[in-house]
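Just so we're on the same page: letters track the sequence lines, and every chain starts at 1.
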Amino acid sequence: MSGYDPKAIERKWQQVWADERTWEVANPGQPGYAGEKPKSYVLEMLPYPSGEPHVGHLKCYAVGDAIAHFRRRHGFEVIHPMGYDAFGLPAENNAIKTGEPPRAATERSIESFRRQFREWGISIDWSRELGTHTPEYYRWTQWIFLRLFERGLAYRDEAPVQWCPVDATVLANEQVVDGRCERCGTPVEQRRLEQWFFKITDYADRLLADFDLLDSWPEHVVTMQRNWIGRSEGAEVTFRCEEAGIDFPVFTTRPDTLFGATFFVLAPEHPELERLVAGTAAEVAVREYVNDVARESVEERGDEDRPKTGVPLGRSVVNPVNGEEIPMFVADYVLMEYGTGAIMAVPAHDSRDYDFAKAFDLPVRRVIEGVDDEVAQDDEGLPYPGDGPMTSSGRFDGKGNREAYEEIVEWLAAEARGKKAVNYRLRDWLVSRQRYWGAPIPIVYCESCGEDGVAAAVPVPEEQLPVELPEVEDYAPQGRSPLAAAEDWVATACPRCGGPARRETDTMDTFVDSSWYFIRYLDSRNEAAAWDREAADHWLPVDQYIGGVEHAILHLMYARFFTKALADLGQLGVQEPFANLFTQGMITRDGAKMSKSKGNTVSPAEYVGRYGADTARTYVCFMGPPERGGDWSDEGVEGVSRFLSRLWRLCEEVEQRAGGPKTAPMTTEIRPSAEGDARALLAKAHWAIDKVTRDFGRGFQFNTAIAAVMELVNETYRLKDGLYADEAGTAVVGFATATAGSLIFPFAPHLGAEIWERLRGGRVWEEAWPAADPELLSSDTVTLVVQVNGKLRDRIEAASDASEAELLELARASEKVRRHLDGKEVVKEVVVPGKLVNLVVR
RNA sequence: GCCGGAGUGGCGGAACUGGCAUACGCGAUCGACUCAAAAUCGAUUGCCCUAACGGGCUUGUGGGUUCGAAUCCCACCUCCGGCACCA
């Protein structure tokens, strides 16, 4: 007997899968299309190819592959493709540092990922492989951009944007974390630039409503997106500045507090600010304040705890509900990005307004009484955010604020001074990047097509796509895209008038690339279209999506937006891309997030080399519930390796004893003759089948599924020597071992395939998933638990169909139980048939 | 501050609908095999008392519901994640 040699086994099966193109599936109309089978689209988030794959990748693809295998063996035609999200900053930053072109570094990394995915034995349909950095792919990214542009969903605007001074690029709001660049941690600055945006805000309501269309997404991911979209209902109310003749609409969620507005605040970026103070005494102070604010980092300004600052404008607006004139201020606690950039300040009922009022000694007027009388009178209970009866609010006095809310909004609407309004936290998606390594934006600027000296943005016609990324010498951005240096490329002819024109030199955010890759997989070799509608209709939506929680907001929301926009454009027949989402937890090492700088990274290649892919894959699925994180443990890997070796030795032993042809009896043939230990082992095998199957169904509880197979193997070891005594027993050992191989196959596919071939012949992946025999799941006897006063006193074997009276009699007969009943009175008897008896004594 | 999630042996974790707490793995101890070690196979392993039989205690803390609570309810503590001057 030879030892378990994962290298040989894994090489053998990887060769089979590659030679036979086992995991390739065909589209409708193509040869080999399995139209009679139901489809299942199993997809893991595509990797960003930088360096080598890490354990996070291993876990993601191990989990996804287990699901893919499980579904195949349930009769589904599973599409399980792979690609690379290859554009992006790391390759470009590496280029700036080393001079190596991003394409070269990226291709090298892709080669490494591709090789390792094969070494891991992931069941990928390689015929659909794609890279988002290839012209064959980004041509269609550009095509989608043009479709959005036609629809007015891609537009250009000058806007205050988040600028990272180190990466020298604009960032999406989503890429700014705590006022810092998500990538490099540098505090971001605000700049005003002409940028391209996607109008995701048009889809805010549908993005919220269509959570209902999803089958199963983790609740916290939905919550995060909901919070990010940040829908607030309220009212828009117009305050007029008579002196300047300007109307200032404000958004408020609390129109019921309108009578308590005692001042009015504009954001420092408010466009009317200049006009309002021009030529007044306040002009200089206001301008200084605005400049000071502009110099502050987003992080500083965002700090909630610092004292409120601001400057009076020397102007006032009229409160539409009571005609009161209230003074105007500029203050940086009001943000231009949210609402209208202007607020009515109600210090009695808003803590920020309250702080400002205290700092500037402004009046505070309570308009809602507290329900608790003690705080109803003076300043004590202020600011008061809760509900209560109205006061100092004219004819609304005494009414509940909720009721008054509706009436005030109605009155405002009737007077044309306001209306119901909904506001969102979500901003449009800024997609321009002043970087080299991305898909060029397919737009040219033509002065002759423009007006008033402003160049027109002319879309590049579809037949001229792709707008290919030119080679450049210097990848370092200098406040403009490195593409701007490629003069030959920038200078072009206007597709509309034929005159001289200049290309857009910004590239697209890489999240654009990854917002539609799951559609391209369905028809990735199509040169005439982004995808064939029939193929998309057949495979979409993704039935099971798997990836890290870190994409809970960005990628997952952008992909949802793209799907809806493309459906509106008549290109897709689904509203949601991912019917089910599974987010896997992060693997840590020594309790800390892995990072190169901490030196605590785990290299999958190293472990695959030492223990084999089956061990590495099974370990990441066994270390804990896959949706939760877990700490990497070398001893844990050893344990899994030991288990697989144990299973392997069992297989060899069984094979040797069997000797003959691989046509062992089926479980139904074994069952009638099985009794005693043979029956016990048979039952254990069926218990394991049932357990593994249910664990797949219960949110992919792979840790307990693998534990069940371990139990089966342990039980087989315990009983095998006795069972070898006769032919029937030997057959049961063979059945148990083959079943263990079959059940471990989704996690350790090479070993599973090898065991099956040796003991049963044929390909395990072509075998239907085993079904547990209900007759073997139940047993004739059960362990009756006997408690006295809720405490366990004895365990008794009892017939599973025993009556309550019989169970009680059994319980009372127990010596261990009697000891605790002595001299006491039984006041209550609880019997749970098939489970337990509890005697309550006094 | 707001919104989620989680607290179980020495460690990772299991326990389905309120019914045997600690499955499985790691670690540890002992035994078999061996000249020896490794590997392997087998046994033991929550804590405390006891020579033993046996008994007591135990799922972050305190209370409650129940014949019975890791599980349900109330209050609190701790840790992790997300959002955060969003009007």
| note | 5' to 3', nucleotides 21-28 of chain B under a 4.0 Å protein heavy-atom cut-off (B base, S sugar-phosphate only, - none) gives S-BBSSS-
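To the nearest angstrom, C1' of B:G42 lies 15 Å from CD of A:E715. Atoms CZ (A:F702) and P (B:A14) sit 14 Å apart, rounded to a whole Å. A:Y338 has its OH atom 13 Å from the C1' atom of B:C83, to the nearest Å. Remark: P of B:G4 and CE of A:M224 are 13 Å apart, rounded to the nearest angstrom. Atom pair A:I587:CD1 and B:G12:C1' shows a separation of 13 Å (rounding to whole Å applied). The CH2-C1' distance, from A:W217 to B:G5, rounds to 19 Å in whole Å. Summarising the geometry, the separation between CH2 on A:W228 and C1' on B:C2 is reported as 16 Å, rounded to the nearest angstrom. A:K828 places its NZ atom 9 Å from the C1' atom of B:U66, with the value rounded to the nearest Å.
On the P atoms, B:C26 is 43 Å away from B:A75, given to the nearest whole Å. Annotation: B:G10 and B:C49 have their P atoms spaced 15 Å apart (nearest Å). A gap of 38 Å separates the C1' atoms of B:G27 and B:G63, to the nearest Å. The C1' atoms of B:U61 and B:U50 are separated by 31 Å, rounded to the nearest whole Å. The separation of B:A36 from B:A28, taken at their C1' atoms, amounts to 23 Å, rounded to a whole angstrom. Taking atom C1' on both nucleotides, B:A70 is separated from B:G19 by 13 Å, rounded to a whole Å. Nucleotides B:A51 and B:G42 are separated by 34 Å at their P atoms, to the nearest Å. Spacing between B:G56 and B:G7 at atom C1', rounded to whole Å, works out to 26 Å.
Partners of A:R812 under the side-chain hydrogen bond (donor to acceptor under 3.5 Å, both in side chains) rule, at least two apart in sequence or in another chain, are A:E829. Listed by chain and number, the residues in a ring-ring contact (aromatic ring centres under 6.0 Å, His included) with A:F239 are A:F264 (sequence neighbours excluded). Residues forming a ring-ring contact (aromatic ring centres under 6.0 Å, His included) with A:F582 (at least two apart in sequence, or on another chain): A:F700. Qualifying side-chain hydrogen bond (donor to acceptor under 3.5 Å, both in side chains) partners for A:E269, counting only residues two or more places apart in sequence or in other chains: A:R301. Remark: A:H820 pairs with no residue by the ring-ring contact (aromatic ring centres under 6.0 Å, His included) rule, at least two apart or across chains. Residues passing the ring-ring contact (aromatic ring centres under 6.0 Å, His included) test with A:H686, sequence neighbours excluded: A:F735. Shown here are the side-chain contact (heavy atoms from CB on, under 4.5 Å) partners of A:S351, two or more places apart in sequence or in another chain: A:P383. Checked against side-chain hydrogen bond (donor to acceptor under 3.5 Å, both in side chains), A:D292 has the following partners two or more places apart in sequence or in another chain: A:R295. The side-chain hydrogen bond (donor to acceptor under 3.5 Å, both in side chains) search around A:T583 returns none, not counting sequence neighbours.
Near RNA chain B, meaning a heavy atom under 4.0 Å from it, residues 340-350 of chain A has A:I343 in order of number.
At least one side-chain heavy atom of A:F511 sits less than 4.5 Å from a side-chain heavy atom of A:W429. A:Q225 is listed as a side-chain neighbour of A:R560, based on a closest heavy-atom distance under 4.5 Å. Taking 4.5 Å as the limit, some side-chain heavy atom of A:Y333 sits within range of a side-chain heavy atom of A:V265.
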Hey, what are the protein-to-nucleotides 50-55 of chain B N/O distances that come in under 3.5 Å?
from, atom 1, to, atom 2, distance (Å)
B:G55, OP1, A:H820, NE2, 3.4

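In terms of phosphate contacts, A:R425 brings a side-chain nitrogen or oxygen within less than 4.0 Å of OP1 or OP2 of B:A84. Residue A:R649 places at least one side-chain N or O under 4.0 Å from the OP1 or OP2 atom of B:C41. Side-chain nitrogen and oxygen atoms of A:K791 include at least one within less than 4.0 Å of the OP1 or OP2 phosphate oxygen of B:C57. Proximity of A:S351 to the phosphate of B:C85: no side-chain N or O atom is located under 4.0 Å from OP1 or OP2.
Figure legend. B:A51 is base-paired to no nucleotide; pairs are counted as Watson-Crick or G-U wobble with both atom distances under 3.5 Å. Using Watson-Crick or G-U wobble geometry with both donor-acceptor distances under 3.5 Å, B:A84 finds no partner in any strand shown. With a 3.5 Å ceiling on both atom-pair distances, B:A14 lacks any Watson-Crick or G-U wobble partner. When both distances must be under 3.5 Å, the Watson-Crick or G-U wobble mate of B:G42 is B:C30. B:A21: no Watson-Crick or G-U partner with both key distances under 3.5 Å is found in any strand. Base pairing of B:A36: no nucleotide in any strand meets the Watson-Crick or G-U wobble criterion (both distances under 3.5 Å). Summarising the base pairing, B:A75 is matched to B:U61 through a Watson-Crick or G-U wobble pair whose two defining distances lie under 3.5 Å.
A donor-acceptor pair under 3.5 Å is formed between the side chain of A:H349 and the backbone N or O of A:Y384.
For A:E337, the CD atom counts as densely surrounded, since its 6.0 Å shell holds more than 12 non-hydrogen atoms of other residues, nucleotides or ligands.
With hydrogens and angles ignored, a donor-acceptor pair closer than 3.5 Å exists between the side chain of A:N838 and the base of B:C67.
In this structure, A:G339 and A:M623 both approach RNA chain B, and ranking their closest nucleotides by distance from the 5' end singles out A:M623. If you find the closest nucleotide of RNA chain B to A:K691 and to A:Y717, the one lying nearer the 5' end belongs to A:K691.
A:V840 comes within 4.0 angstrom of sugar-phosphate atoms only, judged by non-hydrogen atoms across all strands, and of no base. No contact: A:V265 has no heavy atom under 4.0 Å from any strand.
For A:Q701, whose side chain is taken as the heavy atoms from C-beta onward, the closest listed nucleotide among B:A15, B:C85, B:C41 is B:A15. Ranking B:G13, B:G42, B:A15 by closeness to the A:R628 side chain, first place goes to B:G13. Considering only the side chain of A:S232, B:A87 comes nearest among B:G19, B:A87, B:C3.
Checked for salt-bridge contact, A:R589 and A:D634 meet the test: a charged N lies under 4.0 Å from a carboxylate O.
An anti orientation is assigned to B:G5, its glycosidic angle lying beyond 90° of 0.
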